[in-house]
Amino acid sequence: MAEANGGLNIRPMDQFRVEPLFGGDYVGMFTITNVTLWMALTVLAVTLIMVVGARGRALVPTRSQSVAEVAYSFIYRMIEDVAGRDGVRFFPYIMTLFMFVLFANLLGLIPWAFTTTSHIAVTAVLALAVFITVTVLGFVLNGAAFLRLFWVDSAPLALRPILALIELISYFVRPVSHSIRLAGAMMAGHAVAKVFAGFAAALGAAFFIPVLAVTALYALELLVAVIQAYVFTILTCVYLKDALHPHH
Amino acid sequence: MAADANDAVGMPQLDFATFPNQIFWLVVTLVVIYMILSRVALPRIGSILAERAGTITADIDAAETYKRQATEAEAAYHKALDDARAQAHRIVEEMRADIQADLDVAIAKADAEIAARTAESERRIAEIRDSASAAVAEVARDTAQEILTVFGVEAEQKAIADTVSARMKGGAA
Amino acid sequence: MEGDIVQMGAYIGAGLACLGMGGAGIGVGHVAGNYLSGALRNPAAAAGQTAFLFIGIAFAEALGIFSFLVALLLMFAV
């Protein structure tokens with residue numbers, strides 16, 4: 001980026017590189033990479049919170065148990081509120097998505113960590129899984145009536161074909177925005193943090209200004225990490241509602 | 001970064017060579033998390049929450065029962081209190097009636113005695129008065145006879161007695 | 001020299017693409033501001049609408065992230 005200028009050598013995208021953990025350059029399908037490591041840590045974190053934290057089964061919850069309970073009832077109520085009562089049977093799937101995204105985001109904030117959710121490949125798989133599930137579920141549950149989702153009955157007849165086209169496009173843009181929102185937000189925050197950290201290295205005596213900026217940015221990133229997980233989950237619920245109740 | 005000779009690609013996110021690796025490990029991760037959550041974590045937390053909700057409901061029910069029992073006990077207490085009060089009132093009334101009856105008898109007896117004594121007294125007063133008036137009449141007769149004798153008037157014994165008794169009757173009237 | 005001009009064009013384009021973030025910022029501010037004014041009018045109904053607040057913010061913010069992505073692509077991928 002700035003090599004031409006000489007002095008400043010900030011490479012904000014290097015932190016997103018997928019590299020094999022045990023030497024070599026080749027990244028095959030089953031190679032153990034930093035992706036593997038951080039996803040394993042995500043699994044570990046989810047297990048710690050949700051299984052070990054709630055191990056006591058205390059009637060009056062301990063601190064860690066109440067975290068697990070809050071996460072549980074938070075997602076449960078979100079599904080009930082947004083997707084309706086019959087969306088509750090998809091609770092484990094949505095909880096899996098939420099837990100994975102949340103902990104991948106949060107673990108990515110650890111310095112030198114690799115943020116798995118900053119990769120389009122990861123978020124695209126998550127978003128496509130939601131998209132395909134919702135579409136298939138919509139047709140299975142409602143048959144051809146699912147297409148009424150695109151036919152806005154409340155609009156004037158002349159406008160309906162145009163609206164149907166717009167609705168159709170917006171329907172297919174969903175997985176794109178769903179995945180790029182998450183990956184983009186994660187990538188943006190980490191890249192900006194890296195750029196500011198690079199400034200701190202380059203500024204010498206005035207290093208504390210970028211360090212303060214990075215500190216503030218970290219607080220914001222913590223918020224963004226949680227909000228993006230929340231948004232990813234609630235949008236999943238919104239799409240699920242379309243499949244369960246396609247009538248506007 | 002595109003100009004960097006060491007980097008084959010600028011954005012690691014667009015390095016399609018790493019996609020199969022990422023997708024494979026992502027799917028593995030998701031399946032593992034799903035298994036952990038759906039098999040262990042979620043049923044456990046759900047049962048904890050349900051148990052707690054059950055306990056809270058049971059506790060609230062128990063509290064309701066206790067409250068009802070307390071209300072009933074209070075009502076019973078008030079009833080007992082009212083009963084006791086009524087009984088005490090009744091006993092007081094009975095006592096008062098008994099005492100009144102006794103009192104009435106005693107008063108009647110006393111009245112009768114008083115009446116008897118009064119009658120006796122009156123009788124004795126009458127006797128005394130009678131005897132006194134008889135004595136007065138005799139004294140008067142004797143005195144009259146003496147006076148007449150002193151004046152030298154010879155009078156019939158009977159005429160004097162009649163006159164004295166007539167005068168005494170007139171004086172009494 | 002030709003490569004430098006291409007690179008310059010890409011960098012300028014990346015800078016221009018970042019203008020889109022301003023639009024996203026306006027949009028997010030609009031959503032949050034309207035939510036707040038509505039919540040102040042009827043605080044009782046506010047709690048039930050936070051989900052829609054976040055959905056609205058997410059949609060508005062997505063467009064800003066698209067422009068950021070375009071900037072990144074211009075800088076690193078083109």
Side-chain angles (χ1 to χ4, degrees), chain A residues 1 3-4 11-20 26-33 35-36 39-40 42-43 46-47 49-51 53-61 65 68-69 71-73 76 91-93 95-97 99-100 103-104 116 118-122 124-126 129 183 187, chain B residues 1-70:
Chain A
M1 182 170 73
E3 282 87 341
R11 293 150 59 122
M13 305 314 277
D14 277 10
Q15 58 180 319
F16 302 121
R17 274 213 297 225
V18 177
E19 282 160 345
Y26 175 71
V27 179
M29 189 161 172
F30 306 111
T31 314
I32 309 255
T33 57
V35 179
T36 321
M39 284 194 179
T42 308
V43 174
V46 172
T47 314
I49 292 288
M50 298 304 286
V51 178
R55 186 189 43 199
R57 310 179 67 113
L59 208 56
V60 177
Q65 187 183 327
E69 285 173 9
Y72 180 98
S73 43
Y76 197 90
F91 176 54
Y93 301 91
M95 194 71 185
T96 304
L97 283 180
M99 279 294 155
F100 173 75
F103 281 100
T116 48
S118 68
H119 273 259
I120 301 284
V122 171
V125 169
L126 295 173
M187 197 199 311
Chain B
M1 211 68 72
D4 197 322
N6 297 331
D7 282 329
V9 286
M11 268 175 83
Q13 279 88 348
L14 296 180
D15 182 1
F16 293 102
T18 64
F19 273 29
N21 181 276
Q22 296 194 50
I23 292 168
F24 170 73
W25 290 114
L26 172 66
V27 171
V28 169
T29 306
L30 286 182
V31 169
V32 170
I33 293 180
Y34 177 75
M35 285 300 171
I36 290 171
L37 287 183
S38 66
R39 294 285 159 82
V40 185
L42 297 185
R44 182 184 292 177
I45 298 173
S47 73
I48 292 171
L49 290 178
E51 197 181 315
R52 179 171 313 143
T55 309
I56 289 170
T57 315
D59 283 359
I60 288 172
D61 284 353
E64 282 291 327
T65 313
Y66 290 144
K67 195 181 169 194
R68 209 174 51 243
Q69 282 173 356

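Convention: sequence-line order gives letters A, B, ...; per-chain numbering from 1.
- Contact annotation: the side chain of A:F100 approaches that of A:M39 to within less than 4.5 Å [non-hydrogen atoms, C-beta and beyond].
- When heavy atoms are compared at a cutoff of 4.5 Å, A:Y26 does not approach chain B at all.
- In terms of non-hydrogen atom pairs under 4.5 Å with chain B, the most contact-rich of A:E69, A:M99, A:Q65 is A:E69.
- Listed in order of number, the residues of residues 42-60 of chain B that approach chain A to under 4.5 Å between heavy atoms are B:L42, B:R44, B:I45, B:G46, B:S47, B:I48, B:L49, B:E51, B:R52, B:T55.
- We find the OG1-CZ distance between A:T36 and A:F30 to be 11.5 Å, quoted to the nearest 0.5 Å.
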* Before giving the answer on side-chain contact (heavy atoms from CB on, under 4.5 Å), spell out for A:M187 and A:H119 the whole-Å C-alpha distance, their side-chain angles and the decisive distance to 0.1 Å. => CA-CA 8 Å; A:M187 197 199 311; A:H119 273 259; over 6 Å; no
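- Chain A is approached within less than 4.5 Å, heavy atom to heavy atom, by B:A17, B:T18, B:F19, B:P20, B:N21, B:Q22, B:I23, B:F24, B:W25, B:L26, B:T29, B:L30, B:V32, B:I33, B:Y34 from residues 17-34 of chain B, ordered by number.
- Between chain B and the residues A:V60, A:I49, A:L126, the largest count of heavy-atom pairs under 4.5 Å involves A:L126.
- Scored by the side-chain contact (heavy atoms from CB on, under 4.5 Å) test, A:Q15 finds A:H190, A:K194 as partners (sequence neighbours excluded).
- For a residue to count as touching a neighbouring chain, one of its non-hydrogen atoms must lie under 4.5 Å from one of that chain's; by this rule A:V122 touches chain B with backbone and side chain alike.
- For A:M50, the parts lying near chain B are the backbone and the side chain together; criterion is any non-hydrogen pair under 4.5 Å.
- Note: B:Q13 CD to B:D15 CG = 10.0 Å, rounded to the nearest 0.5 Å.
- Applying the ring-ring contact (aromatic ring centres under 6.0 Å, His included) definition to pairs two or more places apart or across chains, none involves residues 41-63 of chain B.
- The OG1 atom of A:T33 sits 13.5 Å away from atom CZ of A:R17, with the distance rounded to the nearest 0.5 Å.
- In this structure, A:F16 CZ and A:I120 CD1 are separated by 10.5 Å, a value rounded to the nearest 0.5 Å.
- Contacts of A:Y72 with chain B are made by side-chain atoms alone, with heavy-atom separations under 4.5 Å and no backbone atom involved.
- When every heavy atom of A:P20 is checked against every heavy atom of A:T31, the shortest pair comes out as CB-CG2, 4.0 Å.
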